Amino acid sequence: MTEVDAWLVFLYVLVFPGIFFLLGYSFFAEWFDRKMYAKMQNRVGPPLVQPLADFIKLLSKEDIMPEGVEAKPYNYLPLFAFAAVATSFIYIPTFMSSSPVGFQGDLLLVLYMLTLPTIILFLVGWYSHNTFATIGAYRAVSQLFVYEVPLFIAALGPALWTKSWSVSDIVSWQQGNPWLFLIQPLGFIIAIICLQAKLERIPFDIPEAETEIVGGPLVEYSGRKLALFRIATDMLMVTGASLIGALYLGGPSVGFSLDSLPFWAAGVIGFVAFLLKTLLIIFLLSFIRAAFARLRIDQMTSFGWKWLASLALFQLFLVIGMRMVVP
Amino acid sequence: MEASGLRPEVRKLAEMTIPIGPQHPALKEPVGFMVNVEGERIKSLDLDVSYNHRGIEKGVEQRDFNQSLYLIERICGICSHAHATNFAKGIEELMNLEIPKRASYIRLIVGELERIHSHYLWVGVAGHEIGFDTLFMYTWRDRELVQDLLEIISGNRVNYAINCLGGVRRDLNEKTIKLALDHLKKLGERAAYYTQLATTEETMVDRLSGVGKLPYEKAKSLGSVGPTARGSGVDSDVRRDDPYLAYAEVPFKVITANNCDVLGRTIVRAGELAQSIEMTKWALENLPPGEIKKAPPRSAPPGEVISRYEAPRGELVHYIKSNNTDKADRFGVRTPTMANWPSVVEGLTGQNIADIPIVVAAIDPCLSCTSRTTFVDIDRHKSWVWNWDELRNYSIRWYKENKGIYWGD
Amino acid sequence: MTDDNPMLAVVKQDLGSKAVEVTAPRRKRMTIAATPETYRDVIKYLQDKMDCYHLSVLQGVDNRTSFEVVYHFWSDRNGMFTVKVALPHDKPAIGTITDIVPAAILYEREVHDLFGIEFPGHPDMRRLLLNDEWPKDEHPLRKDWKMDEKKFYGGVRSSTGGEKAG
């Protein structure tokens, strides 16, 4: 896929698998997550259109801005969060083994882009002029420092192994070789845990802990802006799951080469593989959510540095060591 | 998140006052806390329970005993039977009326079922407060079994109204007893599972142990009652120490724990759940035959009585003074939640913000109990109930007078 | 319910003139009438000698001509002890017991709120149960208390009450 015309890139970015697909899939992923969560809790769960209905409802709601808040950052920050996540998604291969806009080093770009929503959450909490939001903001940043390091190290593993900084290359490598999940199981587990923390879900929903600080940074948000934040969170879940899927489960690859098949058939098979893998990761995330209680911020910090970071480092050295032995 | 190592100006930045309540997701009923924090650490807190005052104590003074019995049942939605039974047995003591044995057994059975449902509820709420919603969903599903059972026995799910002065209103038949024993077997199995879960699951134990410390000495001097006190090793239980109804005959153990924290209170409640199930089973199997009700006299001779009851949340005290009429001269209630508030303040100082919900929940607060006295019908002619227009007029006027906001008629 | 309290004689003898009257309606129940001068001694005696670690409750009673503050102490061994102290009807006041019984802190506030009995020495005497807009010096559990609508909610209620709703 070296020569693509501008029109196709446009289609790729905007429609499939760009923003439109991402939106639709995010709604589906939220439904899937909620349904699985409900099933594990012995409930019926929401119908398929519920996330979309929630979104439309929020769009139609009154948009309230607290007094004394600086309007510009307060209004634009949700858009930044949305844009950051939407941008990072297009670098992750969804139906072919590489993304047409990918370049050497896009892994780093994706990781940084995915950090933005948390930083925006901090800013939002800071600008909201609300006690609960401020405490939520503090917590969001404290938590950021804890999970971001192990996540980066966990993402470094596949990059070192395949000797490439491009997500597309890592996926292509796994097409003819075993999935990296089999070579670096530790990294996979760490990445899943860190993703859960990034998404601020139980047991790491400390920044928005509903029963403690009501809703954290987003407590003052309502209407359209809250809708944007919610969809950004869903998109973050999908993008995060796709990234881990690409790095550790081979993304759209199915374990053997599909070159003999026509382009469309290979695309469909790859796409189905991509969907199944992301849904599997989302299922794991829901399972974690159902099985644990919320941690305290100090417990989270000590867990993060004591276990996550040191294990991530251990696996990094292991990878370097193995790479020296296996050519 | 220890903020004390910071420079003064930074520390000042970290200091703030958070209002928790009267409306807050962690609280199911209105209570206000003003919490002073430094970073994540609580420095001090202040408590306000004045949001739900219904004038029941005054109301009882103006109603006869029979009417009062059903008013008192509405003090609390969860331990309704505890309040009604405690009042009934106090009045019966004043009247010198001994109720039939079968009646006292039926009261005991409903009382213990109420405790089972209350403790189930608590385990769920505790799970929810620490973000463990799965536990919440599971326990509340199973709590339905107890509620169904209470409905079959009494006809009601919340205010059972099984009591009447001199006995109980409804009898149990063979079919009900068989069904009840059936349900209790299922409940017993699940209670064992939740007990094991709540006391061994790792994140749960991490969140519960060492939180809300209440040393043995403090528990005694601050007057804590019920599972809160027993979780700090205070071995007291009204059912054993000052037996009423048929508690002197039913075998049971008083559960205590020496953890002195929220985990201790959880262990106590879990143990009590199992005990209550066994007690109910025993009482159902050994239900004495006979009548269920005696006709009470209309009035009570002058005197006063202090009536105690071990409600699910702890010792419930009713003080009743009679004056040879069919009304109480003074009716005072001290609910277990009221007795446990000082222990919440004690347990929270120095803790994390994250621990507020669970420490508050750990005493199983019941606020409609605590501030029990909106004026229902202060005197018979003038009711306090405002209709919508009156309320609207009031709000318009209030804003006109106090804030100068007025848009004309 | 008619059995006697075995501790009656002991308590009577120990307290002597400090108690105005000691009665025991039944086992595990005893009522001690004390005076504002002696109630602290009686409470200390109950704590030290009778093993009363638990203040069940402290309540006010309006007897129309006088007030009574009623302390209920519980001991696992000896049952419930009720200490009654009569107070004059105008300006009722009794020293706080929060220094010897910390558990009394909220109960004294409640009695102060509902009966208007003063507890000099209480560390934090504020309103407990009644709402913030409640007028001062209105104590609803007093028998002679009549609601004066003009004092409540800025007197709004009385002017709108007569009008027909709708």
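As the structure is a computational prediction, the values presented were derived from the model and not from experiment. Within every chain, numbering begins at 1; the chains are lettered A, B, ... in the order of the sequence lines, protein sequences first and strands thereafter.
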Check whether any side-chain heavy atom of C:Trp74 lies under 4.5 Å from a side-chain heavy atom of B:Val238, and answer yes or no.
no
Heavy-atom pairs under 4.5 Å with chain B are the metric here; pick the option from C:Leu106, C:Asp76, C:Leu128 that has the most.
C:Leu128
Between C:Asp113 and chain B, with a heavy-atom cut-off of 4.5 Å, which part of the residue counts as in contact: side chain, backbone, both or neither?
neither
Pairing donors with acceptors under 3.5 angstrom, does anything connect the side chains of C:Asn63 and B:Lys321?
yes
Closest non-hydrogen atom pair between B:Asp241 and B:Asp235, with its separation
OD2-O, 4.4 Å
Contact part of C:Arg64 toward chain B, heavy-atom cut-off under 4.5 Å: side chain, backbone, both or neither?
side chain
Select one option (side chain, backbone, both, neither) describing which atoms of B:Asp237 are under 4.5 Å from chain C's heavy atoms.
neither
C:Arg126 versus chain B, the contacting section by heavy-atom distance below 4.5 Å
side chain
Applying a strict 4.5 Å limit to non-hydrogen atoms, the region of B:Ser343 in contact with chain C is neither
Please determine, among B:Glu304, B:Glu315, B:Arg308, the option with the most heavy-atom pairs under 4.5 Å with chain C.
B:Arg308
Contact part of B:Val225 toward chain C, heavy-atom cut-off under 4.5 Å: side chain, backbone, both or neither?
side chain
Counting only heavy atoms closer than 4.5 Å, note whether C:Glu68 contacts chain B via side chain, backbone, both or neither.
side chain
Can you name the closest pair of heavy atoms from B:Glu61 and B:Lys327 and give their distance?
O-CD, 3.7 Å
Should B:Asp242 and C:Arg29 count as an ion pair when the cut-off is N to O under 4.0 Å?
yes
Residue selection (most heavy-atom pairs with chain C, distance under 4.5 Å) from B:Val234, B:Val305, B:Ile306
B:Ile306
Salt-bridge contact B:Glu310-B:Arg230 (side-chain N to carboxylate O under 4.0 Å):
yes
N-O pairing of B:Glu57 and B:Arg330 below 4.0 Å:
yes
Considering only heavy atoms and a distance below 4.5 Å, find which of C:Ala103, C:Gly60, C:Ser56 pairs most often with chain B.
C:Ser56
What about the rings of C:Phe81 and C:His72, do their centers lie closer together than 6.0 Å?
no
